Number of protein chains: 2
Amino acid sequence: MTKIVPVIMSGGAGSRLWPLSRQANPKQLLPLVTDQTMVQETVERFDGERFTDPVFICNALHVEAIAAQMAEIGRKVDAFIVEPVGRNTAPCAVVAAVHAAKKDGALVMLVPADHHVKKPESFRAAIEKAVSAAQDGYLVTFGITPDGPETGYGYIAQGETLETGVFKVDAFREKPDLETAKSYLDSGNYAWNAGIFLFSPEAFLEEARAHAGDIAQEAEKAYDAADHSGNVIHLDKNIFSACPSESIDYAVMENTSRAAVVPCEIGWNDIGSFTSLQAARAQIASDDHGNALSEGVMSEGSENCLVQSDGMPVSIVGLSNVGVIVHGGEVLVVNLDESQAVKKIVTRLKDGQETDRL
Amino acid sequence: MTKIVPVIMSGGAGSRLWPLSRQANPKQLLPLVTDQTMVQETVERFDGERFTDPVFICNALHVEAIAAQMAEIGRKVDAFIVEPVGRNTAPCAVVAAVHAAKKDGALVMLVPADHHVKKPESFRAAIEKAVSAAQDGYLVTFGITPDGPETGYGYIAQGETLETGVFKVDAFREKPDLETAKSYLDSGNYAWNAGIFLFSPEAFLEEARAHAGDIAQEAEKAYDAADHSGNVIHLDKNIFSACPSESIDYAVMENTSRAAVVPCEIGWNDIGSFTSLQAARAQIASDDHGNALSEGVMSEGSENCLVQSDGMPVSIVGLSNVGVIVHGGEVLVVNLDESQAVKKIVTRLKDGQETDRL
């Protein structure tokens, strides 16, 4: 059986989920949706003989915490690949491919550490569908069947059928305006780009070298010059810092002729903001008014709210679509229609060098 | 010069301002609008040779705190009249009159402890206008010139002119619906009933005995049987408990033919809810978007909010017309259009016997 190496990109800071997500303890290390942390949830999706032990690509600060969280659920880690600086997902993918290429014939499953998947069995079925196309040299992306005209995601247009449930990618589309998003939805031919990939390391490296030569070169060199300490691989700082910062989509997927897509309905949520966290949490457990409330919260005449407190009791009155976060000595109250703007608070804290609050 | 005895009714609990206002430390003891507590603000309005030292009618629990707050602003207290139980304002007024009747020819100024008056000099001028009518035996109420069709207050209809700026009361009107409130506003003949009174003790007692004989009798007896300890007068518990609980308006003012009104514009706000607290605070100091924020609060894209924290930093994003209170180990977030419903949270705490949170 062809093995798959789950490579979990855990480098993000999650500043749109501040003050839950903090520099020392970012969102992927937190139990945001279920009792498990996001990295635990992510790893649990890749259980069984199909998969090798997971690889994490992360910041040096978080190696210890991830290791502890893996031990908690009885999972071994193949390797921690430490990024000395963040360089977006294209260099990550190159490094993942170089690492996996050493494992005879294994494929790479490249996934973000901070997504929630409500139906992991459907996701597993989608992965199985993708295996043979990946073995044939396709870079397979998993396209989420849209359930609304979302303007916050990129879209993938399906092309010709490769095999049942697997299609060539016709085009990648940038985040659309509402009008365009509606037309995508009506056509039935588009899926959300979730940033989840399955590919053979060799095929990916060929395409990366062809379409993003400088990234491929610097990232490969940074891996080859890495400092190994047990299963922790420290990419060379000088070399990796010189690598251009680009997304895998922009650098490779939009340029290759070998992109394929497996559309799937897996109850996916990227937990990218308090809005999506509210949606994910309310699906699992909400009161009669769509509120997702942590224990002990009192609500009067409120609907579709998210309230989470790490201690102090919270009461809400007459609110609609509002998030209240009491965490780590900070209180944030946010209109869930404007939750992207939480980043601006974080930027102000950075500008004011209030590092203890970040 | 005829003296006026300021009698300050400080018996309320202010549950609509929970968690700022607590049983042990209710709203009148807090610096809600300015740096001064509400009782300090109230007393400062009655400064100068026109006035005697103030009298407080309050709960035994609060005597010490009020005494300390008066000492802080260098004010002596004539007496603390302690209510063993709350019996609304009519018995208060009787007790105030009986107490003041012992001061040769003095009038009684009966006022709630928890109102904010932005223009105290205008209020003083209104009081001066009222003095001769009060001396003539009228029970004078101060009617606030409405600045909107408010449905949360009772209204007073002006009758014939008694003297410049002083009118007989034609009628007291219950809290109106919006339609009616608009017609009152259009007529220019109505003022809000603020529950502030000036009268001679003798005139008031005559009218109370005539129109609310049982209340007058029990309250007078409770005062006569009171236990004195220094300047603290403990009303007799058994007698006062037997006194019917009624408002001065319902028991006396609506029935007497001697009611007069002085309409005035004094920047009045009853701080009856977080909505009115927001309005009062924003008038004194708001940011460019009408937000009244305590120190250190960060706001992004928010307007007309009230944020007050006794410690933990608070950030708000994209909110409109929302109150955020972090106080005494509690967090309350309330839509300022629904702030009356804060009472329901307090009721739930009472029902759950969570007395430490009240």
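Everything quoted here is computed from the prediction, not taken from an experiment.
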Would you say [atom1] of [X] has more than 12 non-hydrogen atoms from neighbouring residues, nucleotides or ligands within 6.0 angstrom?
| X | atom1 | value |
| --- | --- | --- |
| A/Glu246 | CD | yes |
| B/Glu64 | CD | no |
| B/Phe172 | CZ | yes |
| B/Glu150 | CD | yes |
| B/Glu174 | CD | no |
| A/Asp35 | CG | no |

State, to 0.1 Å, how close [X] and [Y] come at their nearest heavy-atom pair, and which atoms those are.
| X | Y | value |
| --- | --- | --- |
| B/Gly329 | A/Pro313 | O-CD, 3.1 Å |
| A/Leu319 | B/Val334 | CD2-C, 3.9 Å |
| B/Ala341 | A/Val317 | CB-CG1, 3.6 Å |

Item to complete: Go through the atoms of A/Val314 and report whether side chain, backbone, both or neither lie under 4.5 Å from a heavy atom of chain B.
Response: both

Fill in: Pairs of heavy atoms under 4.5 Å with chain A: top-ranked of B/Lys344, B/Met312, B/Arg357
B/Met312

Practice prompt. Considering only heavy atoms and a distance below 4.5 Å, find which of B/Asn335, B/Val307, B/Ile325, B/Val331 pairs most often with chain A.
Written response: B/Val331

Practice prompt. Select one option (side chain, backbone, both, neither) describing which atoms of B/Ser299 are under 4.5 Å from chain A's heavy atoms.
Written response: backbone

Worksheet item: Can you tell me how far the CD1 atom of B/Ile345 sits from the CD1 atom of A/Ile316, to the nearest 0.5 Å?
Response: 8.5 Å

Item to complete: Kindly compute the distance separating CG (A/Leu332) from CE (B/Met298), expressed to the nearest 0.5 Å.
Response: 9.0 Å

